[in-house]
Amino acid sequence: FFGQLGDGSNKGCSCFPVEVLNISEIVEISAASATHSLALKENGTVWAWGSGEHGELGNGKNENSNVPVKVLNLSNIKEISTGGCFSIALKEDGTVWTWGSGKHGELGNGKNENSNVPVKVPNLSKVKKISAGEGHCIALKEDGTVWAWGWNKYGQLGNGTNEDSNVPVKVLNLENIVEISAGGEHSLA
């Protein structure tokens with residue numbers, strides 16, 4: 001309904017696979033639990049399609065697209081992940097960039113506002129892996145520590161509270177971590 005098939009249509013569903021239009025040389029994909037999708041091209045650019053109501057397509061607009069559109073101002077990306085109504089990308093230099101809904105602080109930039117273009121998560125560097133959940137993000141740093149931000153109603157940030165955080169907080173009692181994954185309302189390391 002929101003164009004998340006990427007085939008140029010807005011049909012409600014497809015009972016068989018359809019080709020996403022106008023995109024090739026893809027090295028990674030991610031589909032949100034909500035209604036948008038991301039693709040990382042071999043050249044380090046990111047492309048998005050589907051719902052854009054909260055800016056989750058990152059193209060400077062707040063509208064849906066039924067074909068892939070280029071996420072603005074991103075290059076040298078090595079990993080992507082889609083959250084509920086937001087997206088996250090990891091650059092080769094270890095910095096993290098987010099866009100879309102910021103209602104619970106999931107953009108990690110100290111604000112609770114949406115952004116329809118990527119914003120850098122400040123005070124977070126040397127990140128080697130990222131993962132987005134329904135309304136929160138987690139990042140694994142090169143030193144083996146895990147950092148989280150966003151929605152925390154169920155303790156998914158792992159910092160001993162149930163309060164949302166719009167900046168990264170260190171997950172407690174974890175060291176020497178090698179892999180992470182953010183679920184809908186929980187996190188794994």
Inset, instruction - Compare every heavy atom of N152 with every heavy atom of L157, then report the nearest pair and how far apart it is. - result: N-OD1, 2.8 Å
Inset, instruction - Step through the shown structure and confirm whether more than 12 heavy atoms of other residues, nucleotides or ligands are within 6.0 Å of CD on E53. - result: no
Inset, instruction - Report yes if some heavy atom in the side chain of E56 is under 4.5 Å from a heavy atom in the side chain of S51; otherwise report no. - result: yes
Legend entry - Heavy-atom check, side chain of S115 versus side chain of F86, under 4.5 Å: no
Legend entry - Contact summary for P118 and G58, nearest pair of heavy atoms: CD-O, 3.9 Å
Inset, instruction - Would you please name every residue forming a salt bridge (Lys or Arg N to Asp or Glu O under 4.0 Å) with D7, sequence neighbours left out? - result: K11
Legend entry - N10 atom CG, neighbour heavy-atom count above 12 within 6.0 Å: yes
Legend entry - Side chain to side chain, I88 and V96, heavy atoms closer than 4.5 Å: yes
Legend entry - More than 12 heavy atoms of other groups within 6.0 Å of E142 CD: yes
Legend entry - Euclidean distance, L174 CG relative to S187 OG, rounded to 0.5 Å: 10.0 Å
Legend entry - G52 backbone acceptor or donor facing N64 side chain under 3.5 Å: yes
Legend entry - More than 12 heavy atoms of other groups within 6.0 Å of K120 NZ: no
Inset, instruction - Would you sort out whether T98 and V121 count as a side chain to side chain contact (heavy atoms under 4.5 Å, CB included), showing the intermediate values? - result: CA-CA 7 Å; T98 56; V121 177; 3.8 Å; yes
Inset, instruction - Taking all non-hydrogen atoms of both residues into account, name the closest pair between C13 and L5 and its distance. - result: C-CD1, 4.4 Å
Inset, instruction - Could you pull out all residues at least two apart from E175 that satisfy salt bridge (Lys or Arg N to Asp or Glu O under 4.0 Å)? - result: none
Inset, instruction - Step through the shown structure and confirm whether more than 12 heavy atoms of other residues, nucleotides or ligands are within 6.0 Å of CG on L188. - result: yes
Inset, instruction - Would you mind reporting whether I138 and W147 have side-chain heavy atoms less than 4.5 Å apart? - result: no
Legend entry - Test item: P122 and N109 side chains (from C-beta on) under 4.5 Å apart, heavy atoms: yes
Legend entry - ILVMFWY clustering at 4.5 Å (side-chain atoms), partners of L40: V27, L38, V46, V71, L74, I77, I80, W97, W99
Legend entry - Exceeds 12 heavy-atom contacts within 6.0 angstrom, atom CG of N43: yes
Legend entry - Which residues share a salt bridge (Lys or Arg N to Asp or Glu O under 4.0 Å) with K103, sequence neighbours left out: none
Inset, instruction - Would you indicate whether the side-chain heavy atoms of E106 and S101 approach each other to under 4.5 Å? - result: yes
Legend entry - Closest contact, heavy atoms only, A182 versus G133: CB-N, 3.4 Å
Legend entry - Shortest non-hydrogen separation from V67 to L21 and the atoms involved: CG1-CD1, 4.1 Å
Legend entry - For S30, all residues meeting side-chain hydrogen bond (donor to acceptor under 3.5 Å, both in side chains), sequence neighbours excluded: T82
Legend entry - Pairing residues for Y154 by the ring pair (Phe, Tyr, Trp, His ring centres under 6.0 Å) criterion, not counting sequence neighbours: W151
Legend entry - CG-OG1 distance between N176 and T145, expressed to the nearest 0.5 angstrom: 10.0 Å
Legend entry - Check against salt bridge (charged side-chain N to carboxylate O under 4.0 Å, His left out), K129 and E179: CA-CA 8 Å; K129 290 189 177 285; E179 186 63 70; 3.6 Å; yes
Legend entry - Rounded distance (nearest 0.5 Å) linking atom NE2 of H54 with atom NE2 of H36: 10.0 Å
Legend entry - Minimum side-chain heavy-atom gap V127-K91 below 4.5 Å: no
